[in-house]
Visitor: 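Encoded as structure tokens, here's the structure I'll be asking about.
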2 protein chains.
Amino acid sequence: MSVANTEVSAQVTGPCGDDDCGLRELLDRLGDRWTMLVLVELAHGTRRFRELERAIPGISQRMLTVTTRRLCRDGLVERTAYATIPPQVEYRLSPLGRSMTGILTALADWSRDNKAAIGAARARWDATEGLSRSGGAS
Amino acid sequence: MSVANTEVSAQVTGPCGDDDCGLRELLDRLGDRWTMLVLVELAHGTRRFRELERAIPGISQRMLTVTTRRLCRDGLVERTAYATIPPQVEYRLSPLGRSMTGILTALADWSRDNKAAIGAARARWDATEGLSRSGGAS
DNA sequence: CCGAATCCCAAGCGATACTG
DNA sequence: CAGTATCGCTTGGGATTCGG
């Protein structure tokens, strides 16, 4: 999936009432704090509950449960439970889920690639803001 | 050890200790309800404040202000204010912001493309859940 | 027209404890 | 190990109001 799109020949089209383009649906689904991280981790391979928990620093047991269940419900992740002692449950990406890992990777790549630029922009903005707003902020 | 040895073949793939890959940073920045939608709208061309507000159904005036300011601070959007009467302010994507529109488009495409599949998966899940947990589903 | 400030509620999420 | 239930804090964000 080539997201390399340099051409943004964007006509200032009309109102384009359907501006969300389904993006909202997607954001409602994986716009939360953990969903994408779980997907990325599962993109590396099958993982057990505990492995996911360790692999995603900061996630709580509760949120891991909630997130994985939501992903199962949406058909992006498949769950396999073995009735062994101790219990063992495996999570893996479904074909549907795997079909979006490319985008996630692109996203992560972009983030890492432009992290510095954003940091610089912020520094610049903070300086500018001090000048244009509420003078004497420094 | 007392309990069963749980040494599974845990070499699924690399350790990838750094599992977030900077994704977290990105999500913190545009993981909220409106940021991506504003970016998509601006990908269509320069927009004035009021135009953005109308183009993004449901956004409040407050959130539009907050979101645009954040985007300016991060250097993804540029703002030009004309001291006319009535005031006029234009927002447009910066080169940095423009560099990620391709990913946003890919995201929106995927969402629209697989919306039906997700809906079907949900129906399936809800049925399964009804069997195994006797609990209602939303 | 543009936007900042205040008030306030609901959702998200984390901590903890408990069950199988 | 895997998962559930409860509680309480933190935050996003909607409605409204005031200023430039």
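Keep in mind that this is a model prediction, so the values were computed, not measured. So that the names make sense, note that chain A is the first sequence line, chain B the second, and so on, each numbered from 1.
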Visitor: In whole angstrom, what separates A/L52's CG from D/dA2's P?
Guide: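 Going from A/L52 (CG) to D/dA2 (P), I get 9 Å.
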Visitor: Within 45 degrees of the axis of the six-membered ring of A/W34 and under 6.0 Å from its centre: does B/R24 put its NZ or CZ there?
Guide: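 Cation-pi check for B/R24 and A/W34: passes.
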Visitor: Report the distance from atom CZ of A/R70 to atom P of C/dA11, rounded to the nearest whole Å.
Guide: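 In whole Å, C/dA11 P and A/R70 CZ are 13 Å from each other.
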Visitor: Tell whether B/R33 reaches the base of D/dG13 with its side chain through a donor-acceptor pair below 3.5 angstrom.
Guide: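 Side chain to base: no pair below 3.5 Å.
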Visitor: Closest approach of B/Y91 and B/L42, non-hydrogen atoms and distance?
Guide: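 Of all heavy-atom pairs spanning B/Y91 and B/L42, the closest is O-CD2, 3.5 Å.
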Visitor: Please give, in whole Å, the distance from D/dT10 C1' to A/D32 CG?
Guide: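 To the nearest whole Å, that distance equals 16 Å.
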Visitor: Reckon A/R50 has a side-chain N or O less than 4.0 Å from the OP1 or OP2 of D/dC1?
Guide: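 Yes, within the criterion.
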Visitor: Whole-Å distance between C/dA15 P and A/E53 CD?
Guide: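 Whole-Å distance recorded here is 11 Å.
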Visitor: For A/L64 and D/dT4, what is the distance between atoms CG and C1' respectively, to the nearest whole Å?
Guide: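 Taking CG of A/L64 and C1' of D/dT4, I get 13 Å after rounding.
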Visitor: Measure the distance from CG on A/D28 to C1' on D/dG13 and round it to the nearest whole Å.
Guide: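 Rounding to the nearest Å, CG of A/D28 and C1' of D/dG13 are 14 Å apart.
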Visitor: Taking the side chain of A/F49 as heavy atoms from C-beta outward, which of D/dC1, D/dG14, D/dA2 is closest to it?
Guide: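 Of the candidates, D/dA2 comes closest.
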Visitor: To the nearest 0.5 Å, how far apart are CE in B/M63 and CG in B/D32?
Guide: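 Interatomic distance, B/M63 CE to B/D32 CG, rounded to 0.5 Å: 6.0 Å.
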Visitor: On the nucleotide C/dG12, are OP1 or OP2 found under 4.0 Å from the side-chain N or O atoms that A/R62 carries?
Guide: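 For A/R62, the contact criterion (side-chain N or O under 4.0 Å from OP1 or OP2 of C/dG12) is not met.
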Visitor: Name the residue closer to the 5' end of DNA chain D, choosing between A/Y91 and B/S60 according to the nucleotide with the nearest heavy atom.
Guide: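 Per heavy-atom nearest nucleotide, the more 5' residue is A/Y91.
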Visitor: To the nearest angstrom, how far is B/I85 atom CD1 from D/dG20 atom P?
Guide: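 Rounded to the whole Å, the gap is 13 Å.
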Visitor: Please state how far atom CZ in B/R69 lies from atom C1' in D/dG13, giving the value in whole angstrom units.
Guide: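 Roughly 17 Å, once rounded to whole Å.
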Visitor: Using a cut-off of strictly less than 4.0 Å, decide whether A/R48 has a side-chain nitrogen or oxygen near OP1 or OP2 of D/dA2.
Guide: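 The answer is yes; a side-chain N or O of A/R48 sits under 4.0 Å from OP1 or OP2.
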Visitor: For A/I59 and for A/P87, find the nucleotide of DNA chain C with the closest heavy atom, then tell me which residue's nucleotide is more 5'.
Guide: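 Of the two residues, A/I59 wins.
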Visitor: Considering all heavy atoms of both residues, which atom of A/L93 and which atom of A/E78 are nearest to each other, and what is their separation?
Guide: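 Minimum heavy-atom separation between A/L93 and A/E78: O-OE1, 4.5 Å.
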Visitor: Taking the side chain as everything from C-beta on, heavy atoms only, tell me whether B/L76 gets closer than 4.5 Å to A/I118.
Guide: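 Yes, side chains in contact.
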Visitor: For DNA chain C, whose closest nucleotide is more 5', that of B/V89 or that of A/M63?
Guide: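 Its nucleotide being nearer the 5' end, the pick is B/V89.
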Visitor: Looking across every strand, which nucleic acid part, if any, lies under 4.0 Å from A/T65 by heavy atom: base, sugar-phosphate, or nothing?
Guide: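 Answer is base: heavy atoms of A/T65 come under 4.0 Å of a base.
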Visitor: Can a donor-acceptor pair under 3.5 Å be found between the side-chain atoms of B/Q61 and the base atoms of C/dA4?
Guide: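 Yes, a donor-acceptor pair under 3.5 Å.
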